[in-house]
Amino acid sequence: MVKNILGIIKISYPAFSFILIILFIVVPFPVIAVDIFIGLNLLFAIIILIIVMYSKKASEFSLLPTTILLSTLFTLAINISAVRQILTKGENFDGWFILTFSKLFAGSGDTWQLYVSFVLFIVFAGFMLIIIGKGCTRVAEVAARFVLDSMQVKMMAIETVFSAGEISEEEVQKQKAEVRQEADFFGALDGACKFISGNAKVIILITFIIILGGTLIEIFQNGVEIIDALKTYMYLSIGNGIIFMLPVFIISLAAGITVTRLTKL
């Protein structure tokens, strides 16, 4: 079942993602379309985590580095489209996912509760950036280095076993290909994990852009009081930040499970 799912993802996901990424950046999608793809992005991240958890060995899901890259770009593209809708509609914004998570974290939007919720969001973002993002990147870097350093030793061990007549030439080629595939996989995963940390930084930056840009628009274009404008966009920025942090958190968890599984082998 896992192999069938991997086959479907390998064929359809990369091309589909690149097309959607370009469309979301260029075309102003309606709110309902943004909601649908936010949900699909979150669902896909959960599926990736489940596949990683049920994989028998670390390099079985060979598409994981590519998936991390595409997920990062896809999340960023959807976020850009959501920010466009937030800044355009302001307090009339009706995106279901963002409003739902804003209500979960900030409640009714009272001033004191809003400030506390925003501080909690910054704490969560810091946890995501420093502990998860940096930790995953560091472990992936060390794991890739150890795999590359041990590659030559593994090749010599295979040749030694072959010289002793214990395995055939076909088996030698198969084992060498597996060693090369594992080294390529963790080398690519090391680079892909750096996108996780970068994605978290961008989401934090976008959060402050929503607050600053939205507040200035409301003040100079609509004549709204600065406190009211600030409350509106802080409320929306919390939901936006959380809903786009979740897929990054799940994907980084999948990458972390993969690279730490290697250290046990």
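No experiment lies behind these values; they were computed from the predicted model shown.
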Checklist line | Interatomic distance, Glu225 atom CD to Thr215 atom OG1 [nearest 0.5 angstrom] | finding: 12.5 Å

Next item on the list: Examine Ile227 and Ile217 and state if one hydrophobic cluster contains both, with Ile, Leu, Val, Met, Phe, Trp and Tyr joined whenever side-chain heavy atoms are less than 4.5 Å apart.
Entry: no

Note to self: For the backbone of Ile68 and the side chain of Ser71, can you confirm whether one donor and one acceptor N or O come within less than 3.5 Å of each other?
What the structure shows: no

Margin query: Check the orientation of Phe249 and Phe124. Use parallel for under 30°, tilted for 30 to 60°, and perpendicular for over 60°.
Written below: tilted

Next item on the list: Tell me whether Phe74 is reachable from Val27 by hopping between hydrophobic residues (I, L, V, M, F, W, Y) whose side-chain heavy atoms are closer than 4.5 Å.
Entry: yes

Next item on the list: May I ask you to test the Trp96-Val31 pair for a side-chain heavy-atom distance under 4.5 Å?
Entry: no

Item checked: Minimal non-hydrogen separation, Leu99 against Phe93, with atom names -> CD1-O, 3.5 Å

Next item on the list: Output the distance between atom CD (Glu218) and atom CD1 (Ile226), rounded to the nearest 0.5 Å.
Entry: 12.0 Å

Checklist line | Over all atoms of both residues, closest heavy-atom pair of Ala255 and Leu64 | finding: CA-CD2, 4.4 Å

Next item on the list: Would you sort out whether Ile98 and Val34 count as a side-chain contact (heavy atoms from CB on, under 4.5 Å), showing the intermediate values?
Entry: CA-CA 10 Å; Ile98 293 175; Val34 175; 5.8 Å; no

Notebook entry, point to check: In terms of heavy-atom contacts, does CG of Leu120 have more than 12 from other residues, nucleotides or ligands at under 6.0 Å?
Noted result: yes

Note to self: Quick check for you: to the nearest 0.5 Å, what is the distance between Thr67 atom OG1 and Leu70 atom CG?
What the structure shows: 6.5 Å

Note to self: Please tell me whether Asn41 and Thr75 have a donor and an acceptor in their side chains that are separated by less than 3.5 angstrom.
What the structure shows: yes

Note to self: Quick check: do Leu212 and Tyr233 have side-chain heavy atoms less than 4.5 Å from each other?
What the structure shows: no

Notebook entry, point to check: Going from CD1 on Ile51 to CD1 on Ile46, what distance comes out if it is rounded to the nearest 0.5 angstrom?
Noted result: 12.5 Å

Notebook entry, point to check: So, do Ile242 and Phe105 sit near enough that their side-chain heavy atoms are less than 4.5 Å apart?
Noted result: yes

Note to self: Using side-chain heavy atoms (C-beta onward) and a distance below 4.5 Å, is Val248 in contact with Ile203?
What the structure shows: yes

Item checked: Neighbour count above 12 (heavy atom, 6.0 Å) for Leu216 CG -> yes

Check: Are Ile219 and Val224 connected, step by step, through hydrophobic side chains (Ile, Leu, Val, Met, Phe, Trp, Tyr) whose heavy atoms are closer than 4.5 Å?
Finding: no

Margin query: To check you understand the geometry: which heavy-atom pair defines the closest contact between Phe185 and Pro65, and what is its length?
Written below: CE1-CD, 3.6 Å

Donor-acceptor contacts under 3.5 Å from residues 83-91 side chains, at least two apart:
from	atom 1	to	atom 2	distance (Å)
Arg84	NH2	Ile25	O	3.2
Gln85	NE2	Phe29	O	2.6
Thr88	OG1	Arg84	O	2.6

Item checked: Distance in Å, Asn199 CG paired with Leu69 CG, rounded so as to fall on 0.5 Å steps -> 10.5 Å

Notebook entry, point to check: Which atoms form the tightest heavy-atom contact between Gly241 and Thr207, and what is the distance?
Noted result: CA-OG1, 4.2 Å

Checklist line | Atom of Met245, atom of Ala125 and distance for their closest heavy-atom approach | finding: CE-CB, 3.7 Å

Notebook entry, point to check: Between Ile251 and Thr72, is any pair of side-chain heavy atoms under 4.5 Å apart?
Noted result: no

Check: Minimum heavy-atom separation for Thr258 to Ala254, with atom names?
Finding: OG1-O, 2.9 Å

Note to self: Side chains of Phe101 and Leu246, heavy atoms from C-beta outward: is any pair under 4.5 Å?
What the structure shows: yes

Notebook entry, point to check: Is there a side-chain contact between Lys231 and Leu114 (heavy atoms, below 4.5 Å)?
Noted result: yes

Item checked: Same apolar cluster: Leu104 and Leu42, side chain cutoff 4.5 Å -> yes

Margin query: As a quick check of understanding, evaluate side-chain contact (heavy atoms from CB on, under 4.5 Å) for Thr100 and Ile243, giving each step before the final call.
Written below: CA-CA 9 Å; Thr100 299; Ile243 194 59; over 6 Å; no

Note to self: Check for me, please, whether Ile257 and Ile50 land in the same ILVMFWY cluster - side-chain distances under 4.5 Å, paths through other members count.
What the structure shows: yes

Next item on the list: Ignoring hydrogens and angles, tell me if any N or O in the side chain of Ser81 forms a donor-acceptor pair with the backbone of Ala77 under 3.5 Å.
Entry: no

Notebook entry, point to check: After noting the C-alpha distance and the side-chain angles of Phe244 and Ile38, does the key distance pass the side-chain contact (heavy atoms from CB on, under 4.5 Å) rule?
Noted result: CA-CA 8 Å; Phe244 286 107; Ile38 287 175; 3.9 Å; yes

Next item on the list: Report yes if the side chains of Leu205 and Ile209 come closer than 4.5 Å at any heavy-atom pair, otherwise no.
Entry: yes

Check: What's the spacing between Ile47 CD1 and Ile250 CD1 if we round to 0.5 Å?
Finding: 11.0 Å

Margin query: Using the rule given for side-chain contact (heavy atoms from CB on, under 4.5 Å), can you reason through Leu230 versus Ile211, listing the C-alpha separation, both sets of side-chain angles and the distance that settles it, and then say yes or no?
Written below: CA-CA 7 Å; Leu230 191 61; Ile211 296 173; 3.5 Å; yes

Margin query: Please verify the inter-ring angle class for Phe118 with Phe121; under 30° counts as parallel, over 60° as perpendicular, anything in between as tilted.
Written below: tilted

